[in-house]
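Worksheet for the structure shown next.
Whatever order the structure lists them in is the order used to number ligands and atoms, beginning at 1.
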Amino acid sequence: MNLIDQARFFIVYPVDLEDLGLVELKEKFVQHFSADSLTLVKIIPGGIEIECPLHIGLSLNSVLRTPTRILLRLGEFKCRDAPKLFQKISKFNWSPWLIGQTPEIESATSNSRLFDSRKIEKAIQDGVIQYYRHKPVKKKYLGHFEKADKKVLPTIYFRAVDDVCTISLDTTGERLHLRGEKILTGLAPIRESLAALLLIELKTHLAPKDYTLIDPMCGSGTFLLEALNANAVTVEREFSFLHTPVVLDNFTAMQKIHSSGLRAFKNLIGFEINSEVVSMANRNCKDTDIKIEQADLFDGKPNKIENSVVVINPPYGIRVGEKGEINLAYYLKIIENVKNKFEPEILGIIIPADNKIKSIPNFTIHSIRPFKNGGIEVLFYVLKNIRL
Ligand SMILES: C[S@@+](CC[C@H](N)C(=O)[O-])C[C@H]1O[C@@H](n2cnc3c(N)ncnc32)[C@H](O)[C@@H]1O
């Protein structure tokens with residue numbers, strides 16, 4: 001296997017948001033690689049399967065902001081029992097991918113005779129060890145294995161559907177929403193990759209002009225940081241693919257990728273009621289042009305900002321303990337206050353799914369997208385201000 005060979009990847013996304021992931025995928029191919037090096041194989045719930053040169057697929061870990069992780073597809077075969085799985089694995093060509101570790105296994109099965117995760121794990125691990133017996137790992141890789149942090153070595157993903165088994169290698173390691181730089185978080189922060197996906201949704205409703213993005217309940221500043229870094233390249237992280245023979249041998253041939261510097265919003269402004277959270281957000285945003293101030297959305301002071309877009313992830317009253325007053329009337333009050341305070345062109349707001357909004361004074365509903373945020377069913381409403 002060579003870095004320029006075609007390879008098949010499965011890019012994992014939160015269910016129901018795959019189409020937004022595809023928007024980013026296409027954009028980033030245009031920015032960093034040649035657009036025609038991407039072949040779209042299929043989109044299924046939970047991810048997108050693509051084909052592209054191996055080095056590009058691996059590099060997607062640094063340029064994509066929206067996936068959960070990126071798996072490299074290694075093989076597919078029919079198999080109904082553990083002894084056959086062991087056989088298949090022991091004959092598989094592991095030389096380009098493993099450096100002497102007994103890999104961790106993640107398995108998922110449906111409607112298959114192989115379903116016991118402990119048996120699957122044992123058959124795969126024993127199969128890999130059997131492979132090493134016949135084809136011992138080269139000393140240079142064993143040396144790398146000795147020194148490597150074992151937590152970042154690639155996990156093998158096993159999936160069986162109707163007795164058809166797919167073997168993949170995780171190229172990512174810790175989930176991709178961890179950007180490398182550690183950020184301080186307030187209560188109930190939204191996961192970075194989800195924020196990046198929702199910003200893509202919002203962008204699809206915007207005209208090509210300079211907008212100011214406002215988050216009036218910004219917490220630790222996730223939306224603002226994701227908007228700022230939408231085209232950044234993650235360099236501070238150690239991805240699992242770095243610990244494979246094919247990359248260790250050819251690392252210098254991996255293309256250096258630079259951030260394009262493009263940004264979707266000209267100005268980024270956040271407000272937050274809790275002073276401790278404000279100072280946390282300011283620390284997260286230091287050395288950036290993001291402005292964060294302490295303010296109560298309900299204080300009644302108008303702050304009209306030309307060409308503005310508001311994004312908001314209000315409390316749900318489920319995780320944070322604020323029960324009682326958090327209901328449909330609360331979300332309608334937020335929308336009314338956003339309207340009176342900022343007069344935005346567009347408002348994107350996440351609302352728990354049991355608070356469906358049918359109509360809203362002064363706004364038209366542009367889109368409603370259901371998804372899960374931290375296990376809670378929610379809806380992302382994009383509303384357009386009809387008074388402007
Ligand atoms: C669910 S969290 C949003 C978290 C944020 N999106 C993040 O990722 O960190 C809601 C935030 O709204 C803040 N908040 C609640 N009521 C507010 C109000 N009336 N005005 C401004 N902020 C408020 C809370 O302190 C909390 O930080």
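In this structure, of Gln294, Glu272, Lys333, the residue bringing a heavy atom nearest to atom 26 (C) of ligand 1 is Glu272. By heavy-atom distance, the residue among Ile273, Leu224, Asn274 lying nearest atom 22 (N) of ligand 1 is Ile273.
Without hydrogens or angle criteria, Arg237 side chain to Thr172 main chain gives a donor-acceptor distance under 3.5 Å. In this structure, Lys341 contributes its side chain and Lys301 its backbone to a donor-acceptor pair below 3.5 Å.
Of all atoms in ligand 1, listed by their number and element, those nearer than 4.0 Å to a heavy atom of Asp296 are 18 (C), 19 (N), 20 (N). Using a 4.0 Å cut-off to heavy atoms of Thr222, the atoms of ligand 1 that qualify are 7 (C), 8 (O), 9 (O). Residue Ser220 has at least one heavy-atom neighbour below 4.0 Å for each of these atoms of ligand 1: 7 (C), 9 (O). The Pro216 neighbourhood of ligand 1 comprises atoms 21 (C), 22 (N), with distances under 4.0 Å to a heavy atom of that residue. Counting atoms of ligand 1 from 1 in the listed order, those under 4.0 Å from a heavy atom of Cys218 are 5 (C), 7 (C), 9 (O). Listed by number with element, the atoms of ligand 1 under 4.0 angstrom from any heavy atom of Pro189 are 7 (C), 8 (O), 9 (O). Under a 4.0 Å criterion applied to the non-hydrogen atoms of Leu297, ligand 1 contributes the atoms 18 (C), 19 (N), 20 (N), 21 (C).
Between Ile190 and ligand 1, at least one N/O pair is under 3.5 Å apart.
Sorted by first and then second residue, the pairs that involve residues 365-381 and meet salt bridge (Lys or Arg N to Asp or Glu O under 4.0 Å), not counting sequence neighbours, are Asp19-Arg369, Glu201-Arg369.
Contacts between Ala195 and ligand 1 below 4.0 angstrom, taking non-hydrogen atoms only, are absent altogether.
Residues Val278 and Ile290 share a single hydrophobic cluster, defined by chaining ILVMFWY side chains whose heavy atoms lie under 4.5 Å apart.
Between Phe92 and Trp94, the ring-plane angle classifies as tilted under the 30° and 60° cut-offs. Phe298 and Tyr330 have perpendicular rings, their planes meeting at more than 60° on a 0 to 90° scale where under 30° would count as parallel.
In this structure, Phe298 counts as a contact residue of ligand 1, since one of its heavy atoms falls inside 4.0 Å of the ligand. Contact between Ala295 and ligand 1 is present, with at least one heavy atom of the residue lying under 4.0 Å from the ligand.
In this structure, Lys256 forms a cation-pi arrangement with Phe251, its terminal cationic atom sitting closer than 6.0 Å to the ring centre and no more than 45° off the ring axis.
Using a 4.5 Å heavy-atom threshold, the side chains of Phe342 and Leu297 count as touching.
When only modelled atom types and interatomic distance are considered, Glu345 and His205 share no side-chain donor-acceptor pair under 3.5 Å.
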